[in-house]
Amino acid sequence: MGSRSSISVPFRYLFGPGPSNVPPRILAAGGRPIIGHMHSEMFGIMNDIKKGIQYAFQTSNNMTLAMSGSGHTAMECAVFNIVEPGESVLVAINGIWGERVAEIAERMGAKVHTLFKTPGGHFTNAEIEQALAKYKPVLFFLTHGESSAGLVHPMDGVGDICHKYNCLLLVDSVASLGAAPLLMDQQNIDILYTGSQKALNAPPGTAPVSFSERACHKMFNRKTKPVSYLLDMTHLSNYWGNDGKPERIYHHTGPVSGFFALRESLAILAEMGLENSWSHHTEIAEYLWKGLEDLGLKLFIKDKDLRLPSVTTIAIPEGYDWKELLAYIMKHHRIEFTGGLGPSVGMVLRIGLMGYNCNKANAAMVLAALEDALKQCRKSKA
């Protein structure tokens, strides 16, 4: 196709770890006419987004907003605003997301300490407490939904332990929000962020984030300015009407269409109800797990309670080339699954059924495609 003709995009079933398919209502919202990023109606939509995030996160935090960028933007925003150069940070690494946060913190001059497990591993509260006592960090990072491994991390008590050591808790819920229970205020999480493109089913490019009062106290009493101007919360808090000032002043141009779509996706989640969304994801995940085991496949996370309902990981079946399986399924079924990510590459295949994509018909389609691929793709001689 030449660049002069209209864009052409294939239809695919996005049953990998994200992005997920966007339902018609959200696509329509994103296709509304553009208005100015500083128009009063836009501020009204941003206020709706703020309320929608507060509900989705189960928080009453005033400092709640959406970043103009994907989940990594929120990740960098949290680290850049909370941590000053030379301060100590503790990062729990049990997949790719901890690796990313450690690198981001290192780049901005923090002293980075890590707690490490191979993909599929999780950390006990005793292990976390021991490391907090040893390193005395200002910030501890933990991934709630580790999509590279398919693990949902236990959160109860972690926030309390952090506060005992005067440390802030930063949590990544990009892959888990709306699919696995998470209660920001009740679980004493200080900074929580997610992405638009997973169970929320909005296009990629916006990232909800929220800061507790404790986090705000640290963030707004810095000795040095954050390394990023774009992600500086003194400016972003004003743009989102969170700083108590009478008017919002231009800082940057937010993704107007992306905010329309995000607003609609949060409204859909609120209409369904969080508890209903959680139980629905669990029910479909359990149906999928049983079907996979019936096909003779092994689930990567043995403990059912630690499995991420939104992203299921399967151990690569013995004797098969995982790339060949994925290519066959894409070609013959128009379905995207993916391999591992970061440290889990070569260990797993990942299947995501999130939000709009999360239903029995899709789970049955996944199982039929896998069954076909296992029959058609030759086992290697090795």
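We count residues from 1, following the sequence as given.
For the residue pair Ser265 and Asn201, no side-chain donor N or O sits within less than 3.5 Å of a side-chain acceptor on the partner. Between His144 and Ser176, the side chains place a donor N or O and an acceptor N or O closer than 3.5 Å (distance only, hydrogens not considered). Between the side chains of Thr224 and Glu84, a donor-acceptor pair is found at a separation under 3.5 Å. The closest side-chain donor-acceptor pair between Asn242 and Lys50 falls under 3.5 angstrom. Under the 3.5 Å distance criterion, with hydrogens and angles disregarded, a donor-acceptor pair is assigned to the side chains of Tyr328 and Asp372. A donor-acceptor pair shorter than 3.5 Å cannot be found between the side chains of Glu336 and Thr338. A donor atom on one side chain and an acceptor atom on the other are found under 3.5 Å apart for His252 and Ser68. For the residue pair Asp232 / His251, no side-chain donor-acceptor distance below 3.5 Å is found, with atom types taken as modelled. Between the side chains of Thr59 and Asp185, a donor-acceptor pair is found at a separation under 3.5 Å.
A cation-pi geometry, defined here as NZ or CZ lying under 6.0 Å from the six-membered ring centre and within 45° of its normal, does not hold between Arg248 and Trp240. A cation-pi arrangement is absent between Lys136 and Tyr165, since the terminal nitrogen or guanidinium carbon is not both under 6.0 Å from the aromatic centre and inside a 45° cone about the axis.
Ser344 places a side-chain N or O within donor-acceptor distance of the main-chain N or O of Ser148, the cut-off being under 3.5 Å. No side-chain donor-acceptor contact under 3.5 Å links Asn61 to the backbone of Ser210. Of the possible polar contacts, one joining the Ser310 side chain to the Ala175 backbone as a donor-acceptor pair under 3.5 Å is found. Although no hydrogens or angles enter the test, the distance criterion places a donor-acceptor pair under 3.5 Å between the side chain of His153 and the main chain of Phe123. Using modelled atom types, one side-chain atom of Lys198 and one backbone atom of Pro17 make a donor-acceptor pair closer than 3.5 Å. Listed for the Asn276 side chain is a donor-acceptor partner under 3.5 Å among the backbone atoms of Met272. Ser228 places a side-chain N or O within donor-acceptor distance of the main-chain N or O of Leu231, the cut-off being under 3.5 Å.
Checking each of Asp172, Val171, Leu170 against Ile191 for a side-chain contact (heavy atoms from CB on, under 4.5 Å) leaves exactly one that passes, namely Leu170.
Heavy-atom minimum distance, Met108 versus Val227: CB-CG1, 4.2 Å. Taking each heavy atom of Ala261 and Pro203 in turn, the nearest pair found is CB-CD, 3.6 Å.
Using a 4.0 Å cut-off between charged nitrogen and carboxylate oxygen, Glu76 and Arg107 do not count as a salt-bridge pair. For the pair Arg32 and Glu264, the salt-bridge criterion is not met [side-chain N within less than 4.0 Å of a carboxylate O]. Using a cut-off of 4.0 Å between Lys/Arg side-chain N and Asp/Glu carboxylate O, Lys298 and Glu293 are scored as not salt-bridged. Between Lys134 and Glu129 there is no salt bridge, since no side-chain N of the basic residue sits under 4.0 Å from a carboxylate O of the acidic one. The residues Asp294 and Lys290 are annotated as salt-bridged, a charged nitrogen and a carboxylate oxygen being separated by less than 4.0 angstrom.
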>> Let's go through Asp190 and His163 carefully: what are the C-alpha distance in whole Å and the side-chain angles of both, what is the deciding distance for side chain to side chain donor-acceptor pair (under 3.5 Å) to 0.1 Å, and is it a yes or a no?
In response: CA-CA 10 Å; Asp190 292 295; His163 296 162; 2.6 Å; yes
>> Determine whether Glu286 and Lys304 satisfy the following criterion, salt bridge (Lys or Arg N to Asp or Glu O under 4.0 Å), listing intermediate values before the conclusion.
In response: CA-CA 9 Å; Glu286 284 174 350; Lys304 224 172 119 164; 3.6 Å; yes
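The aromatic rings of Phe141 and Tyr193 lie parallel to each other, their planes meeting at an angle below 30°, with 60° marking the opposite boundary. Taking the six-membered ring where tryptophan is involved, the planes of Phe15 and Tyr13 are tilted, since the angle between them lies from 30° to 60°.
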